[in-house]
**Student:** 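Sharing a structure below in structure tokens format, with a few things to ask.
Residue numbers start from 1 in every chain, and the chains themselves are labelled A, B, ... in the order their sequence lines are given, proteins ahead of strands.
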There are 2 protein chains.
Amino acid sequence: MNRPPPVDSPTFSPLYRQIRALMTRSLQSNDWRPGDMIPSEAELALRFGVSQGTVRKAIDEMAADNLLVRRQGKGTFVATHNDQRSFFRFLRLAANEGELPALENIPLDCWRGKAGVDVARVLALEPGAAIIIIRRVLRFGGEPAVFDEIYLPGELFSELTLDILKAEPMSLYSLFESRYGVCPVRADERLRAVSADRVSAGILQVAEGSPLLLVERITRTYADKPVEWRRGYYSTMNFHYHNELGSGR
Amino acid sequence: MNRPPPVDSPTFSPLYRQIRALMTRSLQSNDWRPGDMIPSEAELALRFGVSQGTVRKAIDEMAADNLLVRRQGKGTFVATHNDQRSFFRFLRLAANEGELPALENIPLDCWRGKAGVDVARVLALEPGAAIIIIRRVLRFGGEPAVFDEIYLPGELFSELTLDILKAEPMSLYSLFESRYGVCPVRADERLRAVSADRVSAGILQVAEGSPLLLVERITRTYADKPVEWRRGYYSTMNFHYHNELGSGR
DNA sequence: CAGTGGTCTAGACCACCTC
DNA sequence: AGGTGGTCTAGACCACTGA
């Protein structure tokens, strides 16, 4: 194997992290697309001039981050939002009793605007840059549960319209991924309790002033580039936000 | 190496998982205590009759679950709640602006009772079993932020009193761990928005009816044994609950 | 059957910590 | 110097998938 010489710089990283970085670039550049099978470990080892064990360790990390999915006997695949499996990775909602009933996604409106200072800062845009604003409702078993206000960089989603949103059968992120090549992989959320204003109360069919769970989310893609800012109002009479502590971090 | 013969049963698990199970038993039995250094990888490999690589993989998993902590050059240690590092693993609170100010932990009361059907179910106790109820407040920079009602199995915390709680300088879990040998390692949380009742409002110094973030938590120790049920009311005017999506699960 | 990921080994060497 | 974890290799074999 053509082992690169050991690096002594302060930015030293082990080989498997360099391999990981190279593979991440293949994801960023859309060279490997969501759902695709990536080359086998043996081939990658050959291509990068390292042992299979080193490639394995790189893939292990990326699989732990849900960037890749391993399937024994089949291959390793780029994670996609086009399957039910990965759906609730970004929707931590559960029913207080029993299973969560069937989901309905109802887009309300979709228009273009200019980024204010706050949205610009969050999305790393120039103030005044083109953005898209979407409002939608999620219903479970006919009951409205989540009201989302979503802000997107206009540049990335150039021809997005309400009709396109309404035509999407799967999730919003599934649309981002297949139509715009934007694959959300990480998100930071801030949760607060707030009182329902007139608009939210009407849309969620609760009394004005009712307590709502406010979930603010910044969504990022491979290079940690922010691609969405979202404010979600969750009605938590019959549902709750579920979280597990202990691993990760 | 004395390799055990390959197992063909439906309960097959790879060697490194069996090693992990053995090591987890050393944690459960308090043979290895929080903060202790566990034997070196080489010694464990010798002891279990496997290669060092197999032990490494077992430890890797347990470190990913925050059961163990590796420190290069020093050794591998049992995770403990006695350091600031791991403090916020179980308190996902952050300030809306800037850093979180200094924490004050103020125990309010601590009394004994009998488990109702709901508490008994959650803590896997017989209805009517002895439990301990604690109420406390967390303040940040003098401002009350969290009001906790905590239910513990009486059996595990036999001589817990309000004075002991008041004397504890670190966290509650630090006390559990060092005084009662109970080490919380995992928790499930359910988050909802509710209106402040008279009691919570008074304690958190907000108006009655204000929206509060309700966090219900079931805490478990090594063998997934439930050791705490907690209802926390978070005042989210100046703070929020922080969560990261994307990895894990 | 061939191809894929999954496990396990043995050994070499590096990086870090403490004495 | 000696101990610890961290990286990397080469190769053997197992388990699963699908043609």
**Student:** Between atom CG in A:Asp60 and atom P in D:dC8, what is the gap in whole Å?
**Tutor:** 13 Å

**Student:** Look at B:Arg70 and D:dG6 and indicate whether a side-chain polar atom (N or O) is within less than 4.0 Å of OP1 or OP2.
**Tutor:** yes

**Student:** Got a sec, which residues hit salt bridge (Lys or Arg N to Asp or Glu O under 4.0 Å) with A:Glu155, two or more places apart in sequence or on another chain?
**Tutor:**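 Partners of A:Glu155 under the salt bridge (Lys or Arg N to Asp or Glu O under 4.0 Å) test: none.
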
**Student:** Could I get the full list of side-chain hydrogen bond (donor to acceptor under 3.5 Å, both in side chains) partners for A:Ser178, not counting sequence neighbours?
**Tutor:** none

**Student:** Using whole Å, what does the distance between atom P of nucleotide C:dC8 and atom CD1 of B:Ile19 come to?
**Tutor:**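 Whole-Å distance recorded here is 9 Å.
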
**Student:** Name the atoms and distances for all side-chain donor-acceptor pairs under 3.5 Å in residues 67-76 of chain A, with sequence neighbours left out.
**Tutor:**
from	atom 1	to	atom 2	distance (Å)
A:Arg70	NH1	A:Asp60	OD1	2.4
A:Arg70	NH2	A:Glu41	OE2	2.2

**Student:** Among residues two or more places apart or on two chains, list those pairs meeting ring-ring contact (aromatic ring centres under 6.0 Å, His included) that have a residue in residues 15-41 of chain A.
**Tutor:** none

**Student:** Verify the contact: side-chain N or O of A:Thr76 to OP1 or OP2 of C:dG5, cut-off strictly under 4.0 Å; return yes or no.
**Tutor:** yes

**Student:** Atom CG of B:Leu44 to atom C1' of D:dT4: distance rounded to whole Å?
**Tutor:**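 These atoms are roughly 12 Å apart.
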
**Student:** Identify, with sequence neighbours excluded, every residue that meets salt bridge (Lys or Arg N to Asp or Glu O under 4.0 Å) alongside B:Glu168.
**Tutor:** none

**Student:** Among residues at least two apart in sequence or on other chains, which ones pass side-chain hydrogen bond (donor to acceptor under 3.5 Å, both in side chains) with A:Gln28?
**Tutor:**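 Partners of A:Gln28 by the side-chain hydrogen bond (donor to acceptor under 3.5 Å, both in side chains) criterion come out as none, since no residue qualifies.
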
**Student:** Please give, in whole Å, the distance from D:dT7 C1' to A:Arg20 CZ?
**Tutor:**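 To the nearest whole Å, that distance equals 17 Å.
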
**Student:** Just how far, in rounded Å, is P of C:dG6 from CZ of A:Arg71?
**Tutor:** 12 Å

**Student:** Measure from CD on B:Gln52 to P on D:dG6 and round the result to the nearest Å.
**Tutor:**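 Computing the B:Gln52:CD to D:dG6:P distance gives 10 Å.
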
**Student:** Figure out the CG/C1' separation between B:Leu15 and D:dA15, and round it to whole Å.
**Tutor:**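 It is 15 Å, rounded to the nearest whole Å.
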
**Student:** Give a yes/no answer on whether the side chain of B:Lys57 brings an N or O atom under 4.0 Å of OP1 or OP2 in C:dC8.
**Tutor:** no

**Student:** Reckon B:Tyr16 has a side-chain N or O less than 4.0 Å from the OP1 or OP2 of C:dT7?
**Tutor:**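 Answer yes for this pair, as a side-chain N or O of B:Tyr16 is under 4.0 Å from OP1 or OP2.
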
**Student:** Check whether any side-chain N or O of A:Thr24 sits under 3.5 Å from a backbone N or O of A:Arg20 as a donor-acceptor pair, and report yes or no.
**Tutor:** yes

**Student:** What nitrogen or oxygen pairs link the protein and nucleotides 16-19 of chain C at under 3.5 Å?
**Tutor:**
from	atom 1	to	atom 2	distance (Å)
C:dC16	O4'	B:Gln72	OE1	3.3

**Student:** Looking only at side-chain N and O atoms, does A:Arg56 come under 4.0 Å of OP1 or OP2 in C:dG6?
**Tutor:**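 So the side-chain polar atoms of A:Arg56 do come within 4.0 Å of the phosphate oxygens OP1 or OP2 of C:dG6, strictly under.
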
**Student:** Taking side-chain hydrogen bond (donor to acceptor under 3.5 Å, both in side chains) as the definition, give me every residue that meets it alongside B:Arg217, ordered by chain and number, with sequence neighbours left out.
**Tutor:**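 Only B:Tyr173, B:Glu189 meet the side-chain hydrogen bond (donor to acceptor under 3.5 Å, both in side chains) criterion with B:Arg217.
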
**Student:** Can you check the A:Leu46 CG to D:dT9 C1' distance for me, whole Å?
**Tutor:**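 Going from A:Leu46 (CG) to D:dT9 (C1'), I get 15 Å.
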
**Student:** Taking OP1 and OP2 of D:dT9, is either one under 4.0 Å from a side-chain nitrogen or oxygen of A:Thr54?
**Tutor:**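 For A:Thr54, the contact criterion (side-chain N or O under 4.0 Å from OP1 or OP2 of D:dT9) is met.
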
**Student:** Would you say the side chains of B:Asn105 and B:Arg139 form a donor-acceptor pair under 3.5 Å?
**Tutor:**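 There is no such pair between these side chains.
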
**Student:** Return the residues of residues 34-42 of chain B meeting this criterion: a heavy atom under 4.0 Å from some atom of DNA chain C. Order them by number, or give none.
**Tutor:**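 Nothing qualifies; none.
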
